[in-house]
2 protein chains.
Amino acid sequence: MPAISKREQIVSEALKLFYQFGFTATGVDKIITEAKVSKKTLYNHFKSKDELVLATLRKRDELFRNNLMRETERLGDSPRAQLLALFDVVGDWFNEKTFSGCMFINAAAEFSDADNPSHIISAEHKRLVCEYIRGIASEAGASNPDELAKQINLLIEGAIVDAHVCGNKSAAERAKRMAKVFIDLALD
Amino acid sequence: MPAISKREQIVSEALKLFYQFGFTATGVDKIITEAKVSKKTLYNHFKSKDELVLATLRKRDELFRNNLMRETERLGDSPRAQLLALFDVVGDWFNEKTFSGCMFINAAAEFSDADNPSHIISAEHKRLVCEYIRGIASEAGASNPDELAKQINLLIEGAIVDAHVCGNKSAAERAKRMAKVFIDLALD
DNA sequence: CCCAAGATAAACAGATCGGTATACATTAAG
DNA sequence: CTTAATGTATACCGATCTGTTTATCTTGGG
């Protein structure tokens, strides 16, 4: 058993390629070339390209939320500070040179049907992020943690779109200023 | 010259197909079949599929903004009411059964490179919508019309994402409640 | 050493991709 | 009527798509 399994190699490269070039536009031949595995190996691990897309989205969700939680808790020393720190974390993300929007928004764009498994996973990712925010809002003593979380989540989504479509790297700062208003309203 | 030109037929069908199934996933063969034209005719009017995509996005921008402006001005009898009516217009859009998110967010997802012509058109569309909002904010007497417009625009983007990815049809209502806070702050 | 598991490269299949070419039909203007 | 433009259908091109097959190589455990 190698340190990095073939399966992980494949998912790792698929992550980069799907994110940068899109799901439909990225062929399996490109993925196996970059991952340096044979086509047989890919189809040993995944029944189809669709299955690989799902596995890739699940991995992305894991990596993204782990990073979001780690960085948010590192930058914010109180629940209130953490709610604001969320915007600093996504702001840093916008400035990464590989930033290509939110992979789950992108997936929903390509797999528009709400019943599509990739679309469902994308919705689930958004739900989990929102749930994480709700937990912090609750700790912060918000009058209505669920509502505050949904407000903050909506501001983050808007900032992501502005950053990606319009290239507005300061979108997170505006969203943060807006969030502050709702946080102040919700905390006493 | 027919009442509806061949070119318009092609763009009209391309609009539906690109919007529902995505740009890369929709082949020109599918478009010509639906538009009931020959492939030669398509390539007489458009040099390439890429050119057709651009023409389709330009048409979508025209239709979308015309509808947004018409409905906003119909539903709101004052600049302040119009700023709020924006959210009613997009709320109705979310509830259309053909709703598949924002075509320009979708385009940016598939054509992630900021230099891609389709991406550039998408950014331009967002800029024009924001400019329209700024005009209303200005009429309303906002202290900083540009900032208010960008705030409202960000809320709209967030609502679109929530509506499409998570299927949250009431996203526009939350965004509207949030917008009210900033409108009240900006109009002394 | 031996063997099975899992890897490899490469050919192949059948469909579809964007785009071109050919040959014929329709149509409207001079 | 004639002609030029524009339409049609269809065949074709080479490339690429997802997925399968074949035949060979590597490797670790008993």
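Note that this is a predicted model, so its numbers are computed, not measured. Letters go in sequence order (proteins before strands), and every chain restarts at 1.
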Exercise. Do the two ring centres, one from A:Phe111 and one from A:Phe23, sit under 6.0 Å apart?
Worked result: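 Yes, the ring of A:Phe111 comes within the 6.0 Å limit of the ring of A:Phe23, centre to centre.
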Problem set entry | Aromatic ring proximity, centroids under 6.0 angstrom, A:His164 and A:Phe94 |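 No; A:His164 has its ring centre 6.0 Å or more from that of A:Phe94.
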When the distance from [atom1] of [X] to [atom2] of [N] is rounded to whole Å, what number comes out?
X       : N      : atom1 : atom2 : value
B:Gln9  : D:dT6  : CD    : P     : 16 Å
B:Tyr43 : D:dT10 : OH    : C1'   : 16 Å
B:Leu42 : D:dA9  : CG    : C1'   : 15 Å
B:Arg7  : D:dG7  : CZ    : P     : 12 Å
A:Lys40 : C:dA10 : NZ    : P     : 16 Å

For this session: Apply salt bridge (Lys or Arg N to Asp or Glu O under 4.0 Å) to B:Asp146 and list each qualifying residue two or more places apart in sequence or on a separate chain.
Result: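 For B:Asp146, the residues satisfying salt bridge (Lys or Arg N to Asp or Glu O under 4.0 Å) (neighbours in sequence not counted) are B:Arg134, B:Lys150.
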Qualifying residues under side-chain contact (heavy atoms from CB on, under 4.5 Å), relative to [X], sequence neighbours excluded:
X        : result
B:Leu15  : B:Thr56, B:Lys59, B:Arg60, B:Leu63, B:Met103
B:Glu147 : A:Arg174, A:Arg177, B:Asn144, B:Gln151
A:Ala175 : A:Phe87, A:Leu155, A:Ala159, B:Leu154

With respect to the side chain of [X], which nucleotide from [options] is positioned closest?
X       : options               : result
B:Thr41 : C:dG18, D:dG7, D:dT22 : D:dG7
B:Asn44 : D:dG7, C:dT8, C:dA7   : D:dG7
A:Ser38 : D:dG7, C:dT8, C:dA7   : C:dT8

Problem set entry | Strand-adjacent residues in residues 16-36 of chain A, judged by heavy atoms under 4.0 Å from DNA chain C |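 Heavy-atom cutoff 4.0 Å gives A:Lys36.
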Problem set entry | DNA chain C contacts made by residues 47-55 of chain B, counting heavy atoms under 4.0 Å |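 Going residue by residue through residues 47-55 of chain B, the ones with a heavy atom under 4.0 Å of DNA chain C turn out to be B:Ser48, B:Lys49.
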For this session: Decide yes or no, distance alone: a donor-acceptor N/O pair under 3.5 angstrom between the base of C:dG19 and the side-chain of B:Lys39.
Result: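 Between C:dG19 and B:Lys39, which were checked side chain against base, a qualifying N/O pair under 3.5 Å is present.
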Problem set entry | Positive for side-chain contact (heavy atoms from CB on, under 4.5 Å) with B:Lys49, one of B:Ile31, B:Leu42, B:Val28 |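 It is B:Val28, the one option of B:Ile31, B:Leu42, B:Val28 that forms the side-chain contact (heavy atoms from CB on, under 4.5 Å) with B:Lys49.
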For this session: Show the numbers, then the answer: is there a ring pair (Phe, Tyr, Trp, His ring centres under 6.0 Å) between B:Tyr19 and B:Phe99?
Result: CA-CA 9 Å; B:Tyr19 184 49; B:Phe99 177 68; 7.3 Å; no
Problem set entry | Whether B:Glu157 side chain and A:Val161 backbone form a donor-acceptor pair below 3.5 Å |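 Such a contact is absent between B:Glu157 side chain and A:Val161 backbone.
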